[in-house]
Amino acid sequence: METNEHVIDKRLIKRYHQMTALMLQKNTSVINRLSCNRADLVGLCRFVNNERVPMDYLKTQEISRVKDLSKNKHVLVIQDTTDFNYNDHINFLSMEDEDLGPAGNDEVIGFFLHTGLVVDTANGLGLGFSYINVWNRQWDKAGKQNRKYKQQPIESKESYRWIDCGLKSKSILSSVKAITIVADREGDIYDEFVSVPDQRTNILIRSCQNRCLAEGDTLYERVENTNVDSIFKLKVRTTKNRKGRDTVLEIKYTKVKISKPLAHKSETAHVEMYAVEAKEKSNKVPKGEKPIHWVLLTTHQVKSTTDALQIINWYSMRWQIELLFYTLKTAALDIESSELETGKALKKLTVLALGVSLKINQLRQTRTDTTGIPAKIIFTKEQIALIKLLIPKYEGNTQKQMNPYKENTLAWAGWLIARLGGWKGYERESPPGNKTFKWGLDRYDAMFEGYMLTKNLCA
């Protein structure tokens, strides 16, 4: 006979799957919107507040999925940090809550998330997470100068998360063929250059510092004095900081020996890396904008134009983690609108919502996939059954309006969700984005609830 503890654990696991399914169906992480009635509301709140549901359990559930999906692949681990602002809910929260603290500009209440998003280099698909770290600062924490921050060991610094992500990802992804750890300028840390790379692990980091080189010059001087190797045409997407345009990048690459910083205690005097520069030609830059300019450091060998362009392409995949955070906050799940009363519950909800955000992005990414990624990665058997019933109703009379994808694949399911979201079904149109898929999932959720209600009444 099972013990009572095992029975409770099974119920909590069931509630975990229920919550993630509801978030995906309803495109929100706000518990009031997830709940159909008072009993649901109480049950979901109890779950995130339950001490028997530790944060480590939720993180393990999210991380465990990536192992099989990444087996024998070359993957990128794209890492980045975001913060969560709950100032609008200050009436629900306590400034003395040990799981909340200063975030953003250190004046708002919230916490931070650092994650490693695993991406398949073969198709650019986000597969899952190899690292999830949620933490908060303390209101009474002394400033860096008072704490003698520079003299502290790297392991005690907040910036250690960049190294920790690389080291733990190597362990989690033990069955992959190769790993490339990707980071923006905050990851430009000498300790990471020394401790993370190995025979199957490389790093790719955007330079932040004009580091000294073993030969006596500096990194930026070396790059400046390197001849342009090639010209690369690029289509820039419109963002809040950039205008969409066709532009041209000048590409350079050179081998460098990064010297150990003077105060560094490492026995490694220098690290051999390659520097790849991608710089936008000034005549292509709109007035008021800064040119695109990346100086990338990598332990991958770069001995040709093809190698350099590959490095640039891998680094450009960083946009996926920014899109992930955008989906988590603004584009779909609206995590910062959650009105839970403790930091611990908000953190747990964030980890749950992180996995759901990835699923929404996977749906968008695989809309035109032809490799046969299965729909069951996201949808249940009952949901797939409804998709089969709905697709004929949304196909047109011409071949161009038919769903062109293999049945039961994620692209096949994504075609319907996009149609429900307002996409007309013509490939010549702009591809559906996150908002279109959100609207489509909203409509699909309403249909699925009716479908299940009818099915249960007829059972």
Side-chain angles (χ1 to χ4, degrees), residues 18-36 40 125-126 237-240 244 319-320 322-338 349 352-369 373 375-380 382-396 400-405 408-454:
Q18 179 191 9
M19 281 196 73
T20 53
L22 282 171
M23 285 184 189
L24 182 62
Q25 291 170 21
K26 296 179 178 292
N27 279 278
T28 185
S29 61
V30 181
I31 287 182
N32 285 339
R33 300 175 197 167
L34 291 176
S35 310
C36 298
D40 277 350
L125 178 66
R237 294 188 301 271
T238 300
T239 67
K240 66 178 182 180
W319 69 271
Q320 289 200 38
E322 302 203 1
L323 184 59
L324 179 80
F325 294 154
Y326 177 62
T327 303
L328 181 62
K329 294 180 178 182
T330 306
L333 297 183
D334 201 16
I335 190 70
E336 291 175 318
S337 294
S338 299
L349 189 67
L352 288 168
L354 182 66
V356 178
S357 297
L358 175 62
K359 290 179 180 179
I360 293 173
N361 286 356
Q362 286 173 328
L363 190 63
R364 178 192 53 76
Q365 275 189 276
T366 58
R367 195 197 61 78
T368 58
D369 173 68
I373 297 170
K376 66 181 181 180
I377 290 178
I378 292 180
F379 297 100
T380 65
E382 290 83 4
Q383 291 169 335
I384 291 173
L386 177 59
I387 290 170
K388 286 182 181 178
L389 291 175
L390 290 174
I391 281 177
K393 298 181 182 296
Y394 285 85
E395 289 180 322
K400 290 182 178 180
Q401 292 178 307
M402 297 291 180
N403 188 332
Y405 303 104
N408 293 326
T409 64
L410 202 49
W412 167 82
W415 182 92
L416 173 71
I417 302 302
R419 292 285 285 115
L420 290 173
W423 181 61
K424 301 300 182 184
Y426 291 106
E427 292 299 326
R428 68 173 182 270
E429 288 187 347
S430 297
N434 278 31
K435 289 185 178 180
T436 299
F437 281 113
K438 178 188 184 301
W439 297 328
L441 284 167
D442 287 343
R443 286 192 65 194
Y444 177 78
D445 174 53
M447 293 176 176
F448 183 71
E449 286 184 3
Y451 170 74
M452 290 303 294
L453 178 61
T454 302

Using a 4.5 Å cut-off on heavy atoms from C-beta on, say whether the side chain of [Y] contacts that of [X].
{"X": "Ile417", "Y": "Trp423", "answer": "no"}
{"X": "Asp369", "Y": "Thr409", "answer": "no"}
{"X": "Asn361", "Y": "Gln320", "answer": "no"}
{"X": "Leu324", "Y": "Leu354", "answer": "yes"}
{"X": "Thr368", "Y": "Trp415", "answer": "no"}
{"X": "Ile387", "Y": "Tyr444", "answer": "yes"}
{"X": "Arg419", "Y": "Asn403", "answer": "no"}
{"X": "Pro432", "Y": "Arg367", "answer": "yes"}

Please report the shortest heavy-atom distance between [X] and [Y], naming the atom on each side.
{"X": "Gly421", "Y": "Trp439", "result": "O-CE3, 3.6 Å"}
{"X": "Leu328", "Y": "Ala353", "result": "CD1-CB, 3.4 Å"}
{"X": "Leu410", "Y": "Gln362", "result": "CD2-O, 4.2 Å"}
{"X": "Ser338", "Y": "Ile335", "result": "OG-O, 3.0 Å"}
{"X": "Arg443", "Y": "Tyr394", "result": "NH2-OH, 3.2 Å"}

Test log, rule side chain to side chain contact (heavy atoms under 4.5 Å, CB included), inputs Glu382 and Phe448: CA-CA 9 Å; Glu382 290 83 4; Phe448 183 71; 4.0 Å; yes

Flag, side chain of Glu322 to backbone of Trp319, donor-acceptor distance under 3.5 Å: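 Such a contact is absent between Glu322 side chain and Trp319 backbone.
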
CA sep, side-chain torsions, deciding dist, call: Gln401, Glu395, side chain to side chain contact (heavy atoms under 4.5 Å, CB included): CA-CA 6 Å; Gln401 292 178 307; Glu395 289 180 322; 5.9 Å; no

Atom pair CZ (Phe379) and CG (Leu416), whose distance is rounded to the nearest 0.5 Å: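 The CG atom of Leu416 is 8.0 Å from CZ of Phe379, to the nearest 0.5 Å.
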
